[in-house]
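The next block holds one structure in the form of structure tokens; read it before the comments.
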Amino acid sequence: MLFSTMNKSNRFRMGSFKIFDLMLNQRNIHELTCRFAVVLLSICQCLADDGYEMDDFLKREYSLTKPYQGLGSSSSSYWDLMGNAMITTEHVRLTPDLQSRQGAVWSRVPCFLRDWELQVHFKIHGHGKKNLNGDGMALWYTKERMQTGPVFGNMNLFTGLGVFVDTYPNENKNHERVFPYVSGMVGNGTLAYEHDRDGQSTELGGCTALVRNIPHDTFLLIRYTKNRLTIQIDVDGKQEWQDCLDLPGVRLPRGYFFGASSVTGDLSDNHDLISMKLYQLTVERTPEEEEEEELIPSVDNFEHLNKVEVQEEGMSGVQLFFTIVFSVIGIFVLGVVAVVMYGRWKENSRKRFY
């Protein structure tokens, strides 16, 4: 009897322990779930940058990534190749390290997003030594597409945004910048990019970016949101964005095309485009901002941004030599003429006294 009572007591205690243990496990699971939710929320808050929400997402129809299946001549492709551009398994080579080449890649689908961010992974490399390589590459958001010309392989007098990675200084004398150099320009169809002056008269700003022949990956970011243009670079292998240009008052219409182009001349480089990823940004707008619609690309107070003073080119040594020689000859001739005239004047003065 006593043994039976003890068994019942033990079973009761064991059942109580099981119930307690189950409750404890449920409590632990609930606690772990709460902690996981808090951690996830913290991560989301950290990833949300500058007020952007986490529903920002990749737009594949405007993006170019490996294995580049949406690139080519098929009707289902989102991108077109032109010129000497070619596809490999690792990149789209806009131009090879050969003279007088140009190539480009252009999206077929116009972009109607108001706010977006374009992240570009690229590589510029070649056998040429420093300052003996060229010419660079450009990224585009323009009304026109599939046009060739002198601006990094694209047309001049373009309409929209151009971001240039310029690797060769065409104007050596008056440059205070260090190349390679990243700069931005907004064109309205009548504004010309001055190739001989490396676009200084029309640039919105820029920065030095040592992107050539380096062992790590190089990236460029272009963000356009609420009429603000931001350009950042990551070229040091630190996986950190560095500011290059930040400018409010930039007005870009919707419905333009994304593209990338490159050109070589007497000097050359490999210009490789590894990926272009476009993200839609979700930002809060007022009703007035929602109704705004830009028709022509423009920049507020652009005339105050252009602080580049165009200086007259100085004379070369040969020009200076001939200038001095002709000046001396001219002074000598004037002296001879003056002596002859003076002699005749004295002679006429004597004749009046006889």
Side-chain angles (χ1 to χ4, degrees), residues 49-52 56 111 113-120 122 136-143 151-152 154 156-166 175-194 197-209 211 219-235 240-260 276 278-286 288-289 292-310:
D49 181 36
D50 295 336
Y52 301 128
D56 304 340
C111 179
L113 302 179
R114 279 187 176 272
D115 306 279
W116 46 265
E117 178 179 286
L118 182 66
Q119 296 184 16
V120 183
F122 67 99
M137 62 181 290
L139 303 165
W140 304 99
Y141 175 69
T142 56
K143 180 180 180 180
V151 186
F152 298 91
N154 190 32
N156 208 339
L157 303 178
F158 59 88
T159 308
L161 172 67
V163 176
F164 313 122
V165 184
D166 195 347
H175 266 314
E176 296 179 356
R177 61 183 65 170
V178 178
F179 280 72
Y181 190 82
V182 174
S183 63
M185 172 183 169
V186 170
N188 59 8
T190 63
L191 196 61
Y193 176 88
E194 293 183 289
R197 296 188 181 276
D198 299 305
Q200 290 187 75
S201 61
T202 53
E203 76 170 38
L204 305 177
C207 63
T208 295
V211 298
F219 300 88
L220 189 147
L221 180 147
I222 306 169
R223 178 184 292 164
Y224 179 68
T225 178
K226 299 185 74 170
N227 297 334
R228 191 179 197 96
L229 176 66
T230 305
I231 299 177
Q232 295 178 309
I233 57 174
D234 175 11
V235 299
E240 296 177 356
W241 292 115
Q242 298 177 358
D243 293 335
C244 183
L245 185 152
D246 188 0
L247 186 65
V250 178
R251 306 183 183 278
L252 299 174
R254 294 187 288 176
Y256 285 4
F257 298 91
F258 289 102
M276 294 175 65
L278 187 79
Y279 295 89
Q280 181 178 3
L281 303 178
T282 303
V283 297
E284 293 184 0
R285 288 179 174 273
T286 63
E288 293 78 10
E289 290 174 334
E292 287 183 359
E293 190 66 37
E294 308 299 338
L295 300 177
I296 300 175
S298 63
V299 179
D300 296 347
N301 301 317
F302 173 72
E303 60 277 6
H304 299 296
L305 294 175
N306 185 8
K307 301 178 181 179
V308 178
E309 297 181 0
V310 179

**Request:** Test salt bridge (charged side-chain N to carboxylate O under 4.0 Å, His left out) on D115 and R285 and set out the steps.
**Result:** CA-CA 11 Å; D115 306 279; R285 288 179 174 273; 2.8 Å; yes
**Item:** Heavy-atom closest pair, residues I231 and V163
**Value:** CD1-CG2, 3.9 Å
**Message:** Walk me through whether D300 and R251 qualify under side-chain contact (heavy atoms from CB on, under 4.5 Å).
**Reply:** CA-CA 8 Å; D300 296 347; R251 306 183 183 278; 3.1 Å; yes
**Message:** Please give me the minimum heavy-atom distance between G259 and M276, naming the atom from each residue.
**Reply:** O-CE, 4.1 Å
**Prompt:** Closest approach of P297 and V186, non-hydrogen atoms and distance?
**Reply:** CB-CG1, 3.7 Å
**Message:** Just checking I296: does its CD1 atom have more than 12 heavy atoms from other residues, nucleotides or ligands closer to it than 6.0 angstrom?
**Reply:** no
**Asked** Taking all atoms of both residues into account, what is the closest heavy-atom pair of L220 and L139, and its distance?
**Response** CD2-CD1, 3.8 Å
**Message:** Before you tell me yes or no, could you show the steps for R177 and Q200 under side-chain contact (heavy atoms from CB on, under 4.5 Å), namely the whole-Å CA-CA distance, both residues' side-chain angles and the distance that decides it to 0.1 Å?
**Reply:** CA-CA 11 Å; R177 61 183 65 170; Q200 290 187 75; 3.3 Å; yes
**Request:** Start with the C-alpha gap between D198 and F179, add the side-chain angles, then the distance that decides, and say whether side-chain contact (heavy atoms from CB on, under 4.5 Å) holds.
**Result:** CA-CA 11 Å; D198 299 305; F179 280 72; 4.0 Å; yes
**Prompt:** Should the pair W116 and Y224 be assigned to parallel (<30°), tilted (30 to 60°) or perpendicular (>60°) ring geometry?
**Reply:** tilted
**Request:** Evaluate the side-chain contact (heavy atoms from CB on, under 4.5 Å) criterion for residues D166 and F152: first the C-alpha distance (whole Å), next the side-chain angles of each, then the deciding distance (0.1 Å), finally the verdict.
**Result:** CA-CA 9 Å; D166 195 347; F152 298 91; 3.8 Å; yes
**Request:** Mind listing the closest non-hydrogen atom pair of N227 and E292 along with its distance?
**Result:** ND2-OE1, 3.7 Å
**Given Q232, R223, R228, the one that forms side-chain contact (heavy atoms from CB on, under 4.5 Å) with D246** = R228
**Message:** Ring-plane angle category for F158 and F164, please: parallel below 30°, perpendicular beyond 60°, tilted otherwise.
**Reply:** perpendicular
**Message:** Minimum heavy-atom separation for Y193 and M185, please, with both atom names.
**Reply:** CD1-SD, 3.9 Å
